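Have a look at the structure below before the remarks.
All figures in this text were calculated on a predicted structure; none of them were measured in a lab. Sequence lines set the chain letters: A, B, ... in the order given, protein chains first and strands last, and positions in each chain run from 1.
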Protein chains: 2
Amino acid sequence: MFDAERHNSCHMSDKCIRYKVCPMVLVQQLLSGKRKILILWYLSSKVLRFNDIKRRLPDVTQKMLTQQLRSLEEDNLIYRKVYPVVPPKVEYGLTDLGERIIPILEMMHGFGAEYLEIKSSENVLQRKASSDML
Amino acid sequence: MFDAERHNSCHMSDKCIRYKVCPMVLVQQLLSGKRKILILWYLSSKVLRFNDIKRRLPDVTQKMLTQQLRSLEEDNLIYRKVYPVVPPKVEYGLTDLGERIIPILEMMHGFGAEYLEIKSSENVLQRKASSDML
DNA sequence: TTTTATAGTATCTTTTTATACACTACAACC
DNA sequence: GGTTGTAGTGTATAAAAAGATACTATAAAA
């Protein structure tokens, strides 16, 4: 495993020095999962049940989703509320800590949209350039 | 692989509808690597050479770092500039597109710091509570 | 009566990711 | 003449992540 405490060579080390772990290394660890950002994003609009999340992530297996959810729960970014009913009902939502990520998620969404805009305009230019060559 | 085009069940789908891919799914793909966020973070302060980055990521092997860098380059978030000298010199830096991520990285850093604050104050409380029980 | 739905767990296999280690070129330094 | 440094590549192996599939309980609906 990647040992967070061993490196603190961040260019904000003046601000980081008070922590044993570099905040950025921590964030990298919290968010580096194949679907964690998306799960947080879906939960940022409302509380969802297990299958609600699963439906939004069509290519995830139950096992993997459970794993990712447990990991986010361990990190205290989401909570898990079990209703003792049959059939089972389990709700997932952001914790107070998790809600602090929402503005970051919103910026990411904005960035993704910009990225797509730029890429598509590049493609338009490329198509134009290659048709000009005919 | 995880097929970005197959899901668009984002709660911002009104804004996403113009794209084939949900911007958030794209961002998840761009950033989900074990060290991508950190690499971008280090490059956001200045242009770095291969070994400069490697030194900042003590637990990464050359091969893995090369792989991550190539992937970021493919996604057009970083550039790679080779100087034809001996010994070799290669510089990595953020592209224009990559620079647009900087504000997100800065917020992440802030979030990480908050997270650590909260966690450490919880630990203080925990330690206090358990010592009170003696 | 059979089917459907929920939120999982258990087991096995495949795929992906990561590691260790050896090797390259050539200039400059000792 | 031997060593060091750079930025890699190549091969083999080990570890981790992901996937497929089958299975659970029980209520309610068809």
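Residues passing the side-chain contact (heavy atoms from CB on, under 4.5 Å) test with Lys89(A) are Arg49(A), Tyr83(A), Val85(A), Glu91(A), sequence neighbours excluded. With sequence neighbours left out, Asp52(B) forms a side-chain hydrogen bond (donor to acceptor under 3.5 Å, both in side chains) with Arg55(B). Taking the side-chain contact (heavy atoms from CB on, under 4.5 Å) definition, one finds that Ser45(A) meets it with His11(B), sequence neighbours left out. With sequence neighbours left out, the side-chain contact (heavy atoms from CB on, under 4.5 Å) criterion links Leu116(B) to Tyr19(A), Pro23(A), Leu26(A). In this structure Arg80(A) satisfies the side-chain hydrogen bond (donor to acceptor under 3.5 Å, both in side chains) test together with Tyr92(A), sequence neighbours excluded.
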So which protein N/O to nucleotides 2-11 of chain D N/O distances come out below 3.5 Å?
{"unit_1": "dT6(D)", "atom_1": "OP2", "unit_2": "Asn51(B)", "atom_2": "ND2", "d": "3.2"}
{"unit_1": "dT6(D)", "atom_1": "O3'", "unit_2": "Arg49(B)", "atom_2": "NH2", "d": "3.0"}
{"unit_1": "dT6(D)", "atom_1": "O3'", "unit_2": "Pro88(B)", "atom_2": "O", "d": "2.9"}
{"unit_1": "dA7(D)", "atom_1": "OP1", "unit_2": "Arg49(B)", "atom_2": "NE", "d": "2.8"}
{"unit_1": "dA7(D)", "atom_1": "OP1", "unit_2": "Arg49(B)", "atom_2": "NH2", "d": "3.1"}
{"unit_1": "dA7(D)", "atom_1": "OP1", "unit_2": "Val90(B)", "atom_2": "N", "d": "3.2"}
{"unit_1": "dA7(D)", "atom_1": "OP2", "unit_2": "Asn51(B)", "atom_2": "N", "d": "3.2"}
{"unit_1": "dG8(D)", "atom_1": "OP1", "unit_2": "Arg70(B)", "atom_2": "NH2", "d": "2.7"}
{"unit_1": "dG8(D)", "atom_1": "OP1", "unit_2": "Arg80(B)", "atom_2": "NE", "d": "3.4"}
{"unit_1": "dG8(D)", "atom_1": "OP1", "unit_2": "Arg80(B)", "atom_2": "NH2", "d": "2.3"}
{"unit_1": "dG8(D)", "atom_1": "OP2", "unit_2": "Tyr92(B)", "atom_2": "OH", "d": "2.6"}
{"unit_1": "dG8(D)", "atom_1": "N7", "unit_2": "Gln62(B)", "atom_2": "OE1", "d": "3.2"}
{"unit_1": "dG8(D)", "atom_1": "N7", "unit_2": "Gln62(B)", "atom_2": "NE2", "d": "3.1"}
{"unit_1": "dG8(D)", "atom_1": "O6", "unit_2": "Gln62(B)", "atom_2": "OE1", "d": "3.4"}
{"unit_1": "dT9(D)", "atom_1": "OP1", "unit_2": "Arg70(B)", "atom_2": "NH1", "d": "3.2"}
{"unit_1": "dT11(D)", "atom_1": "O4", "unit_2": "Lys63(B)", "atom_2": "NZ", "d": "3.2"}

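Note: CG (Leu65(B)) to C1' (dT17(C)) measures 15 Å, nearest angstrom. Atoms NZ (Lys81(A)) and C1' (dG8(C)) sit 19 Å apart, rounded to a whole Å. Note: CE (Met64(B)) to P (dA17(D)) measures 14 Å, nearest angstrom. Regarding Gln67(A), its CD atom lies at a distance of 13 Å from the P atom of dG8(C), rounded to whole Å. Atoms OH (Tyr83(A)) and C1' (dA27(D)) sit 19 Å apart, rounded to a whole Å. One atom, NZ of Lys54(A), and another, P of dG19(D), lie 11 Å apart when rounded to the nearest Å. Here dG19(D) presents its C1' atom at 14 Å from CD of Gln68(A), a figure rounded to the nearest Å.
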Please tabulate, for side-chain N and O atoms in residues 96-115 of chain A, each donor-acceptor pair with protein atoms closer than 3.5 Å (sequence neighbours left out).
{"unit_1": "Arg100(A)", "atom_1": "NH1", "unit_2": "Glu114(B)", "atom_2": "OE1", "d": "2.2"}
{"unit_1": "Glu114(A)", "atom_1": "OE1", "unit_2": "Arg100(B)", "atom_2": "NH1", "d": "2.2"}
{"unit_1": "Tyr115(A)", "atom_1": "OH", "unit_2": "Asp75(B)", "atom_2": "O", "d": "2.6"}

Counting only pairs under 3.5 Å, give me each side-chain donor-acceptor contact of residues 65-74 of chain B, with atom names and distances, residues two or more places apart or in other chains.
{"unit_1": "Thr66(B)", "atom_1": "OG1", "unit_2": "Gln62(B)", "atom_2": "O", "d": "2.8"}
{"unit_1": "Gln68(B)", "atom_1": "OE1", "unit_2": "Arg35(B)", "atom_2": "N", "d": "3.4"}
{"unit_1": "Ser71(B)", "atom_1": "OG", "unit_2": "Lys36(B)", "atom_2": "NZ", "d": "2.7"}

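For DNA chain D, each stem of at least three Watson-Crick or G-U pairs (distances under 3.5 Å) is given as range with range: C:1-5 with D:26-30, C:7-30 with D:1-24.
Atoms OG and CG, from Ser32(B) and Leu31(A) in turn, are 11.0 Å apart once rounded to the nearest 0.5 Å.
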